[in-house]
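One structure below.
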Amino acid sequence: YKFLSILYFLISISILIIPIAGDTVLSAITINISSIKINSLVSCIALFAIPSLLLGIAAPYLIRLKLTDPKKSGETIGVLYALSTLGSIFGTFFAGFFLFSSIGSSLVLFLLSGLSLLISVSFAVSVKNKTLIFLAVIFFGAIIFTSYALQSSRQNNLTYETNYSKVNLVKADYLGRETIVMRYAN
């Protein structure tokens, strides 16, 4: 279970990076790529490739751990993938119709990062790895601190998170006058 603990810790970090650095990454991509189709593709790859890859590693590894009898391998794999599919369907509808509209995408990503961290800790506890547990506790504190810091840094700004994006009202200097500017954020 040590490998799974480390894997889910890395998943947690890779998910946490999205709401923290996402705006910066998307701005850099938008500035450097003019084609909206290529821009969208590169943006998706930049934000979601590493978490998707890491999550893709978890399923086969969990199947390998669950397989005890080679004669029942088809049944075991079928059950695990069926549960995975049901979870994906539920998660898609729950996030799409409820979570994003009620708490916003950034908080959803913070929660997913925290959930991955809890999974990591549960695997670390099962192997009694004190170093991994310590790192997870420190990282959980970092998640809390980061979410608080992001909220605090936006006190002079008004950020409204829509179902699919964000709109920021920020104070800016325009021709020597303080002005409030509306900025559409990805």
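Because the structure is a prediction, the values reported are computed rather than measured. Every heavy atom of this structure was used, including side-chain atoms; hydrogens, water molecules and symmetry mates were not. For reference, positions follow the sequence shown, starting with 1.
- Under the 3.5 Å distance criterion, the side-chain polar atoms of Ser113 are matched with a main-chain donor or acceptor of Ser12.
- The hydrophobic clustering, which links ILVMFWY residues whose side-chain heavy atoms are closer than 4.5 Å, places Ile31 and Val25 apart.
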With a 3.5 Å cut-off and sequence neighbours excluded, list the donor-acceptor pairs that the side chains of residues 81-88 form with protein atoms.
{"unit_1": "Thr85", "atom_1": "OG1", "unit_2": "Tyr81", "atom_2": "O", "d": "2.8"}
{"unit_1": "Ser88", "atom_1": "OG", "unit_2": "Ser84", "atom_2": "O", "d": "3.0"}

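- Note on Leu65: it clusters hydrophobically with Phe9, by side-chain heavy-atom contacts below 4.5 Å among ILVMFWY residues.
- For the residue pair Ile15 and Ser116, the shortest heavy atom distance occurs at CD1-OG, 3.9 Å.
- Using a 4.5 Å heavy-atom cutoff, the side chains of Leu115 and Leu111 are not in contact.
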For a quick test of your reading: what N or O donor-acceptor pairs under 3.5 Å do the side chains of residues 39-64 make, sequence neighbours left out?
{"unit_1": "Asn39", "atom_1": "OD1", "unit_2": "Ser43", "atom_2": "OG", "d": "3.1"}
{"unit_1": "Ser40", "atom_1": "OG", "unit_2": "Ile36", "atom_2": "O", "d": "2.8"}
{"unit_1": "Ser43", "atom_1": "OG", "unit_2": "Asn39", "atom_2": "O", "d": "2.7"}
{"unit_1": "Ser52", "atom_1": "OG", "unit_2": "Phe48", "atom_2": "O", "d": "2.7"}

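- Grouping Ile, Leu, Val, Met, Phe, Trp and Tyr by side-chain contacts under 4.5 Å, direct or through others, puts Ile89 with Phe93, Phe97.
- Side-chain atoms of Ser27 never come within 3.5 Å of backbone atoms of Thr24 as a donor-acceptor pair (strictly under, hydrogens ignored).
- For Phe90, the side-chain contact (heavy atoms from CB on, under 4.5 Å) partners at least two apart in sequence or on another chain are Phe94.
- The structure places CD1 of Ile119 at 10.0 Å from CG of Leu4, a figure rounded to the nearest 0.5 Å.
- Tracing side-chain contacts under 4.5 Å through hydrophobic residues (I, L, V, M, F, W, Y), one never reaches Tyr8 starting from Leu80; they form parts of separate clusters.
- Interatomic distance, CG of Leu112 versus CD1 of Ile18, reported as 9.0 Å (0.5 Å rounding).
- Connection of Leu118 to Phe123 is not established within any shared hydrophobic cluster, with ILVMFWY side chains joined at heavy-atom distances below 4.5 Å, either directly or through further cluster members.
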